[in-house]
Amino acid sequence: MSDANVRIPEEAKDRLAAIAAAEGLSLRAYLARLAETMLTPAERAERAEKARAALKAWTGYAPTRSEQDDLDSELDRRLARVTAR
């Protein structure tokens, strides 16, 4: 495996290093683990579609795009209220 150099602000590197250290990892190991566990936008969309299909098969519920948008807005509103505390 070859290494890569990534240029980021010093503050970001220090923060990531502190998070890694708190988890008992080197910055290199932490970033490798992060890259392995994060999903790309395409992977997230694929999982969401699978979840919608499973929900429809299990319950028959198939929200329209408008209903999904309304539910997303409600969730955003509730999260904003909770995080503002």
Side-chain angles (χ1 to χ4, degrees):
M1 169 176 35
S2 64
D3 287 339
N5 291 320
V6 178
R7 295 179 58 90
I8 61 173
E10 188 74 25
E11 299 81 22
K13 182 197 76 80
D14 292 344
R15 180 172 171 77
L16 290 169
I19 294 167
E23 295 189 24
L25 298 170
S26 67
L27 179 55
R28 183 177 191 267
Y30 178 76
L31 291 174
R33 186 181 75 180
L34 185 64
E36 291 170 4
T37 59
M38 297 293 295
L39 298 175
T40 66
E43 290 167 333
R44 284 194 304 275
E46 180 182 353
R47 284 194 181 184
E49 186 52 43
K50 285 180 180 179
R52 279 190 288 277
L55 180 64
K56 183 177 181 183
W58 186 40
T59 67
Y61 179 62
T64 65
R65 183 74 225 157
S66 177
E67 290 171 326
Q68 288 180 45
D69 291 343
D70 290 345
L71 291 168
D72 286 345
S73 294
E74 177 63 13
L75 180 58
D76 289 343
R77 185 188 66 76
R78 289 181 184 197
L79 288 172
R81 189 176 73 211
V82 169
T83 56
R85 292 181 185 173

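Just so you know, these numbers use all the heavy atoms, side chains as well, and skip hydrogens, waters and symmetry mates.
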Apply salt bridge (charged side-chain N to carboxylate O under 4.0 Å, His left out) to the pair E36 and R33, showing each step before the final yes or no. CA-CA 5 Å; E36 291 170 4; R33 186 181 75 180; over 6 Å; no
Could you walk me through whether E11 and R15 satisfy the salt bridge (charged side-chain N to carboxylate O under 4.0 Å, His left out) test, starting with their C-alpha distance in whole Å, then the side-chain angles of each, then the deciding distance to 0.1 Å, before giving a yes or no? CA-CA 6 Å; E11 299 81 22; R15 180 172 171 77; over 6 Å; no
Looking only at heavy atoms, the pair that brings A62 and E67 closest together is O-OE1, 4.3 Å
Crowded around R47 CZ? As in, over 12 foreign heavy atoms under 6.0 Å? no
Using the rule that Ile, Leu, Val, Met, Phe, Trp and Tyr join whenever any side-chain heavy atoms are under 4.5 Å apart, tell me whether M38 and L27 fall into a single cluster. yes
Under a 4.5 Å side-chain heavy-atom rule over Ile, Leu, Val, Met, Phe, Trp and Tyr, are I19 and V6 clustered together? yes
Could you state whether L34 and I8 fall into the same hydrophobic cluster, counting links through intermediate Ile, Leu, Val, Met, Phe, Trp or Tyr residues with side-chain heavy atoms under 4.5 angstrom apart? yes
Working to the nearest 0.5 angstrom, can you tell me the gap between L16 CG and L25 CG? 12.0 Å
Are more than 12 heavy atoms from other residues, nucleotides or ligands located less than 6.0 Å from atom CZ of R77? yes
In terms of heavy-atom contacts, S26 and A20 come closest through O-CB, 3.7 Å
Between Y61 and L55 the two heavy atoms that sit nearest each other are CD2-CD2, 3.5 Å
State the CZ-CG distance between R65 and D70, to the nearest 0.5 angstrom. 10.5 Å
